[in-house]
Amino acid sequence: MSAVANPAAAADAATPPSAAWRPLSPNQRAWARFRRHRLGYWSLWVFLAMLIVSTGAELISNDRPIVARIDGHWYVPMFDDPAEKTIGGDFGTPTDWSDPYVKQIVARPGNWALITLNPHSATSTDYFSKVIDPAPPSAKDWLGTEQNGRDMLARLLYGFRVSIWFALALTAVGTLIGIGAGALQGYFGGRVDLILQRFIEIWGSIPELYLLIIFASIFEPSLLLLLVLLSLWGWMGLSDYVRAEFLRNRNLEFVKAARALGLSNAQIIWRHVLPNSMTPVITFLPFRMSAAILALTSLDFLGLGVPASVPSLGELLKQGKNNLDAWWIIVPTFVLLVVTMLLLTFIGDALRDAFDTRKS
């Protein structure tokens, strides 16, 4: 008498082990650990949302309309602001869309203009305002104005964009230089490691702030100049960790096997040693971004940063110090900086836990 077969059990028995259960790769396990860190995971999404919003700042806060139709003609003032004569005005200069006469032209039958949510840019000044600057928050300026009459919300939005993209650029440049220097020291060791280590010690003893003051007095301040100067010192801290990882990994069995197969040093570094030495690089990225934002903010506060025409969080902090009664300048700026630093710290903590192989 034959036993009745169980169809589900038979199907499980016929299923290959690779199809029934597939082990996760190291990157997938790291991502799973990162997602379990709820605070860091949601901080990443909030930070990305802030980055996207600030990157498209012109679509949210702008003193020029996104698109306008005047006397049957289409204009895109956000990208190509027409002269006032072109839309029926008196002057050949670019149109001032906050001018009452221009507003009357837009209000004519058949004419219209699509303005942004906040009708102010980072550099626009309302010359027709009847209040003394800095003005407190109002229906016209939601976060008030700073001492030069410019809208605080626009300055914060544009200033955050400058800070965050500068931090991304500085982090990228410093990381690439740090990886290159640390890889050379750790992989080759010996005389190469000794020479580069002595160079790092000498280079690190140079007073960075003094050089920034000297260059700021010689050259016109700009983001590019600050990026170059800060990158000259921003790689040294990371190179030590990369060097230690390369020193540990260069004598492992898979590296010896790659040498035995005849791979060149560049191939071994790129294919084998570098991917296994990226854990400290990835985990330190958010903290390096925090340091870059604070460095730019501090230099702007001291007057050694970007030009006055460029919106800056450090410049707003300086205005807040000079106008202690205007709380709407210092408080939103301070809150924005604190929130940004906290988000990056939470992301860094989550990345550190994600790449900790001791965690299941």
Side-chain angles (χ1 to χ4, degrees), residues 24-37 39-41 43-45 47-48 51 163-189 192-193 196-197 199-201 203-204 208 227-228 230-252 254-255 258 265-296 340-359:
L24 297 176
S25 66
N27 291 333
Q28 289 174 331
R29 290 197 297 269
W31 175 247
R33 288 192 291 266
F34 182 82
R35 291 193 62 179
R36 282 200 297 270
H37 197 294
L39 187 58
Y41 177 73
S43 296
L44 175 62
W45 287 110
F47 179 78
L48 290 177
L51 177 62
S163 298
I164 203 66
W165 280 107
F166 177 84
L168 286 171
L170 182 59
T171 301
V173 174
T175 300
L176 290 177
I177 300 176
I179 290 176
L184 290 176
Q185 288 181 264
Y187 183 79
F188 293 103
V192 175
D193 184 21
L196 285 178
Q197 197 65 25
F199 171 77
I200 291 175
E201 292 174 0
W203 189 252
E208 181 179 357
L227 179 63
V228 172
L230 294 178
S231 298
L232 294 177
W233 287 272
W235 57 273
M236 289 185 293
L238 183 63
S239 65
D240 294 336
Y241 293 97
V242 177
R243 170 179 174 267
E245 290 292 319
F246 268 74
L247 285 172
R248 180 176 63 88
N249 293 328
R250 68 172 183 168
N251 292 321
L252 296 180
F254 65 90
V255 177
N265 290 328
Q267 290 174 325
I268 295 174
I269 291 175
W270 181 256
R271 296 181 185 178
H272 301 287
V273 185
L274 182 60
N276 292 280
S277 305
M278 291 297 291
T279 298
V281 175
I282 296 175
T283 54
F284 276 110
L285 286 180
F287 302 106
R288 293 180 63 84
M289 286 188 60
S290 299
I293 293 174
L294 290 178
L296 180 63
T340 305
M341 296 299 106
L342 286 176
L343 291 176
L344 290 173
T345 301
F346 294 150
I347 295 172
D349 290 339
L351 285 175
R352 182 186 58 192
D353 293 341
F355 285 92
D356 188 353
T357 55
R358 297 171 296 178
K359 295 182 179 294

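Along the sequence shown, residues are numbered consecutively beginning with 1.
Taking a 6.0 Å sphere around OH of Y241, one finds it holds 12 or fewer heavy atoms contributed by other residues, nucleotides or ligands. Remark: W270 CH2 is loosely packed, at most 12 non-hydrogen atoms of other residues, nucleotides or ligands lying under 6.0 Å away.
Proximity of a side-chain donor or acceptor of T171 to a complementary backbone N or O of L168 within less than 3.5 Å is not detected.
Within the model, atoms CG of L44 and CZ of F346 stand 13.5 Å from one another, a figure rounded to the nearest 0.5 Å. Atom CD1 of I200 sits about 6.5 Å away from atom CG of L196, to the nearest 0.5 Å. Here the OG-CG distance, from S43 to L48, works out to 10.5 Å after rounding to the nearest 0.5 Å. Rounding to the nearest 0.5 Å gives a distance of 11.0 Å between CE of M289 and CG of L343. Distance check: L238 CG to I177 CD1 gives 11.0 Å after rounding to the nearest 0.5 Å.
A side chain to side chain contact (heavy atoms under 4.5 Å, CB included) with F287 is found for exactly one of I347, D349, L351, namely D349.
Nearest approach of R33 to F355, heavy atoms of both residues: NH2-CA, 4.4 Å. Taking each heavy atom of L274 and M278 in turn, the nearest pair found is O-CG, 3.1 Å. Across all non-hydrogen atoms, the minimal contact from D240 to Q197 is OD1-NE2, 4.3 Å. When every heavy atom of M236 is checked against every heavy atom of W203, the shortest pair comes out as SD-CD1, 3.8 Å. Pairing each heavy atom of N249 with each of V255, the nearest pair is O-CG2, 3.2 Å. Considering all non-hydrogen atoms of both residues, L230 and A295 come closest at CD1-CB, 4.4 Å.
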Test side chain to side chain contact (heavy atoms under 4.5 Å, CB included) applied to T175 and F284, step by step | CA-CA 10 Å; T175 300; F284 276 110; over 6 Å; no
**OP:** Using the side chain to side chain contact (heavy atoms under 4.5 Å, CB included) rule, take I293 and M341 through it: C-alpha gap first, then chi angles, then the decisive distance, then the call.
**Re:** CA-CA 9 Å; I293 293 174; M341 296 299 106; 3.7 Å; yes
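Between R36 and D353 the shortest side-chain heavy-atom distance does not fall below 4.5 Å. Between F47 and I164 there is a side-chain heavy-atom pair separated by less than 4.5 Å. Put simply, the side chain of I179 does not reach to within 4.5 Å of the side chain of W235, judged on heavy atoms. At a threshold of 4.5 Å between non-hydrogen side-chain atoms, the residues R250 and I268 do not count as touching. Using a 4.5 Å cut-off on side-chain heavy atoms (C-beta onward), R243 and D193 make contact. In this structure, S231 and L170 have side chains that are in contact, with non-hydrogen atoms separated by less than 4.5 Å.
Between F246 and Y187, the ring planes lie perpendicular to each other; the angle is over 60°, past the 30° to 60° tilted range.
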